[in-house]
There are 2 protein chains.
Amino acid sequence: MAVTFKDVATLAGVSTQTVSRVTNGADNVTDLTREKVNKAIKELGYIPNKSAQMLSRGKSKTLGIVSLDIALHGVALIVNGVRQQAHDNGYGTVLSIVDSDNFERIKDEIRELLSQQVDYIVVNVPLTQFMAEELVHQFQQLNFMFIDVPENTKVNYVCAEHTEGAKSAVRHLLACKRSQFVLITGPKESTGSTLRYAGWVDELSKSQKEVVATYEGDWDAQSGYLSIREQIAKKREFDAVLVANDQMALGVLCALNEFGIRVPEQVSVVGFDNINDSAFFTPPLSTIGQSFVELGQQAVKLLLEPQETVEGEGYRQLILPTQLIVRSSTSLKIELGDHKQEILDYLDKARQLLR
Amino acid sequence: MAVTFKDVATLAGVSTQTVSRVTNGADNVTDLTREKVNKAIKELGYIPNKSAQMLSRGKSKTLGIVSLDIALHGVALIVNGVRQQAHDNGYGTVLSIVDSDNFERIKDEIRELLSQQVDYIVVNVPLTQFMAEELVHQFQQLNFMFIDVPENTKVNYVCAEHTEGAKSAVRHLLACKRSQFVLITGPKESTGSTLRYAGWVDELSKSQKEVVATYEGDWDAQSGYLSIREQIAKKREFDAVLVANDQMALGVLCALNEFGIRVPEQVSVVGFDNINDSAFFTPPLSTIGQSFVELGQQAVKLLLEPQETVEGEGYRQLILPTQLIVRSSTSLKIELGDHKQEILDYLDKARQLLR
DNA sequence: TTACGCTATGTTTTCGATAACATTTTTTGT
DNA sequence: ACAAAAAATGTTATCGAAAACATAGCGTAA
């Protein structure tokens with residue numbers, strides 16, 4: 001069925017080795033021979049067998065990715081960054097998707113990748129320090145690179161500056177004179193979410209501001225929406241919401257809007273990630289920007305960097321900056337007092353004119 | 001360096017074939033021997049070499065996916081569906097990402113997949129009828145499955161009911177008494193976009209309604225936003241916007257809101273796809289729902305279905321239904337007339353009370 | 001002219017695992 | 001207890017390509 005290079009060799013009237021030389025672009029082949037072989041290849045529609053190549057060559061020039069669900073936008077962007085950078089360095093990629101809640105499954109997938117002879121593995125799944133170190137130990141691999149793992153973990157990693165970013169969100173809201181905060185985190189397994197939460201709490205406690213409530217979301221808009229509904233049902237006052245990603249913030253905005261609560265006048269909202277869509281929310285969302293693609297790219301860059309650059313027992317580690325992006329979902333708080341309704345009406349008129 | 005099954009055989013004191021038997025779960029092995037081998041495997045951390053296995057077995061149990069950028073949410077969901085279904089049938093997957101605008105590149109990627117000995121290939125890239133048929137012809141493969149290819153194409157395919165879905169969007173807007181339509185399509189290379197556009201135009205021409213303007217977007221929110229800005233700049237009246245996907249519709253809503261145009265009272269908007277977020281837009285978006293995940297799943301199901309089910313020279317083809325989802329971005333048109341401002345004010349009051 | 005060295009090509013072995021076949025050991029029936 | 005069947009294990013060949021090695025052909029310098 002399948003055309004092998006033996007068929008090509010026969011048709012071209014040369015040895016198999018010569019075929020191999022042609023396909024690998026060796027220079028010590030006559031132009032005439034090369035042509036004959038190429039003609040035979042075309043005629044037969046010959047496609048080399050990668051398994052055989054890998055087996056024979058011993059190395060695969062392949063990079064494995066263990067990742068969360070790519071339906072999450074940020075995850076997909078990271079994977080894109082990894083793939084692109086790997087490709088630019090002549091590496092193919094194998095992608096394997098896992099849930100974050102099953103450590104054994106993750107190990108299985110890594111085993112699977114190793115059985116495919118990948119040269120490197122990028123792990124883009126929230127792991128604890130213990131888990132990450134355990135993986136490196138168990139598989140005795142220096143060729144692991146982790147994304148978003150706790151900072152003091154003794155492995156190669158690339159992280160976003162979650163904590164610092166979260167703090168800058170708080171500082172921004174404090175500058176807006178906000179004082180009653182609702183926090184909406186991501187799933188507690190997520191390292192990124194944990195770090196962001198830590199940043200919020202740390203900065204808030206410094207300034208002695210009140211945390212009215214904390215909710216745990218699942219990154220989806222709906223969980224943000226439900227959190228705020230619950231908060232409103234409880235009739236607790238709040239004037240600021242910190243959200244661990246932009247999608248949940250969309251849900252937050254939706255709920256606030258539904259209950260006639262004005263953003264940013266009454267409540268200010270800050271998201272995290274700066275996904276493309278967030279500039280078009282109603283109102284456009286203030287958020288903490290991070291570059292997912294660069295995260296993925298840097299992971300691969302560091303991994304492929306020649307060993308000399310890395311000193312002794314040192315690990316390859318990098319923390320990428322985040323950036324506060326101010327849009328219309330935050331503003332200086334306006335004390336409405338007795339004239340609340342009147343003010344809101346004026347604001348409405350103002351809005352009309354603003355067009 | 002690498003541990004092979006020879007090392008395992010030596011350590012366990014058996015032949016390599018016995019090791020193979022154990023790893024493949026053959027039943028004709030003594031418990032004692034099995035244990036010895038398993039112990040050796042564990043001790044050495046042996047991981048089988050997939051290349052060697054595939055080479056030896058001749059088949060790979062692998063399915064290749066050629067797909068658009070997974071950063072597009074719908075694409076990622078389709079890929080998920082494919083992977084999940086493949087996995088459930090014991091197939092691994094190899095993912096390769098391409099731009100839709102380079103047909104040669106697509107061929108290269110397919111060649112690459114074939115060189116990895118994939119048993120099947122799912123193509124999730126917008127292709128013309130000619131391109132799809134050409135691929136099947138060039139690679140002489142019955143094992144192709146295409147997603148969202150024009151309906152009369154002579155290949156295996158799974159499609160969403162784009163045209164019919166688009167028509168139902170128009171009918172809904174007509175029922176809302178809308179008469180001046182703005183259309184925002186996806187990129188013209190996209191089959192899905194083309195079919196949707198065809199549906200809109202077809203249904204609109206039947207009812208003799210006016211198409212005020214047509215814009216070509218790139219699926220991103222920004223392109224929807226810019227289209228509407230341009231439309232408003234031209235000061236052309238319109239009371240309905242048909243958008244080829246929900247993300248662009250987000251941009252549309254944003255622009256309308258920015259200019260103080262009320263949705264749905266003044267302008268109604270219908271999207272396409274029903275992504276999770278669209279239920280939380282401001283206002284929640286009426287849209288045409290399709291199940292991306294099922295699209296991917298069905299593609300694989302049909303592909304793996306035993307040949308007998310498929311009659312003679314017939315192709316495996318399936319069209320999945322879409323579904324009109326009515327939310328708040330559409331409503332019966334209200335003729336404002338002279339009392340426009342007054343009415344709008346009442347509406348505002350009503351909204352306040354609605355909470 | 002001959003010997004040396006280069007280039008172009010052919011032959012053999014190898015990669016790791018398995019299929020096909022061969023052999024040994026165990027079980028079973030009478 | 002012994003042959004025949006069945007089960008467990010070992011041996012050899014094979015997959016497709018490439019690396020390592022071998023050889024043939026040719027030009028060139030002495």
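Every heavy atom of this structure was used, including side-chain atoms; hydrogens, water molecules and symmetry mates were not. Predicted model, so just to flag it, every value in this text is computed and none were measured.
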Trainee: Does OP1 or OP2 of D:dC15 have a side-chain N or O of A:Asn49 closer than 4.0 Å?
Mentor: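 For D:dC15, neither OP1 nor OP2 has a side-chain N or O of A:Asn49 closer than 4.0 Å.
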Trainee: Between A:Phe144 and A:Phe139, what is the ring plane arrangement, given parallel below 30°, perpendicular above 60°, and tilted in between?
Mentor: tilted
Trainee: How close or far is atom P of C:dA17 from atom NZ of B:Lys6, stated in whole angstroms?
Mentor: 10 Å
Trainee: Could one point to a donor on the side chain of A:Arg57 or the base of D:dG16 with an acceptor on the other under 3.5 Å away?
Mentor: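 Under the 3.5 Å cut-off, the side chain and the base do not form any donor-acceptor pair.
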Trainee: Without decimals, in angstroms, what is the distance between B:Phe5 CZ and C:dT14 C1'?
Mentor: 13 Å
Trainee: Has A:Thr18 got a side-chain N or O lying under 4.0 Å from the OP1 or OP2 atom of C:dA8?
Mentor: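 No, A:Thr18 has no side-chain N/O under 4.0 Å of OP1/OP2 on C:dA8.
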Trainee: Mind checking if B:Gln53 touches a base, just sugar-phosphate, or nothing, with heavy atoms under 4.0 Å?
Mentor: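 It contacts sugar-phosphate atoms only.
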Trainee: Starting at atom CG of A:Asn24, determine the distance to atom P of D:dA20, rounded to an integer number of angstrom.
Mentor: 13 Å
Trainee: Is A:Glu109 salt-bridged to A:Arg105, cutoff N-O under 4.0 Å?
Mentor: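 Salt bridge flag = yes for A:Arg105 with A:Glu109.
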Trainee: Indicate, with a heavy-atom threshold strictly under 4.0 Å, whether A:Val14 touches base, sugar-phosphate, or nothing.
Mentor: sugar-phosphate
Trainee: Using a 4.0 Å heavy-atom cut-off across all strands, classify A:Thr16 as base, sugar-phosphate, or nothing.
Mentor: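 Touches nothing.
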Trainee: NA contact type, A:Ser51, heavy-atom cut-off 4.0 Å: base, sugar-phosphate, or nothing?
Mentor: nothing
Trainee: Would you kindly give the CD-to-C1' distance between B:Gln116 and D:dA17, to the nearest whole Å?
Mentor: 15 Å
Trainee: What is the distance, rounded to the nearest whole Å, between atom CD1 of A:Ile47 and atom C1' of D:dA17?
Mentor: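 So the two atoms are 15 Å apart, to the nearest Å.
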Trainee: D:dA18, OP1 or OP2 - any side-chain N/O from A:Ser20 closer than 4.0 Å?
Mentor: yes
Trainee: We want to know whether A:Thr18 and A:Ser15 form a side-chain donor-acceptor pair, criterion being a heavy-atom distance below 3.5 angstrom.
Mentor: yes
Trainee: Any side-chain heavy-atom pair from A:Thr194 and A:Thr191 closer than 4.5 angstrom?
Mentor: no
Trainee: Does D:dG10 have its OP1 or OP2 closer than 4.0 Å to a side-chain nitrogen or oxygen of B:Ser15?
Mentor: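 For D:dG10, OP1/OP2 do have a side-chain N/O of B:Ser15 under 4.0 Å.
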Trainee: If you pin A:Leu55 and B:Val29 to their nearest nucleotides in DNA chain D, which one's is more 5'?
Mentor: B:Val29
Trainee: Whole angstroms only, please: what is the NZ-C1' distance between A:Lys59 and D:dA18?
Mentor: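 Taking NZ of A:Lys59 and C1' of D:dA18, I get 16 Å after rounding.
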Trainee: Find which nucleotide of DNA chain C each of B:Gln17 and B:Ala52 is nearest to by heavy atoms, and output the residue with the more 5' nucleotide.
Mentor: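 This one resolves to B:Ala52.
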Trainee: Would you say that A:Leu63 contacts A:Val82 through its side chain, given a criterion of any heavy-atom pair below 4.5 Å between the two side chains?
Mentor: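 Yes. Closest side-chain heavy atoms under 4.5 Å.
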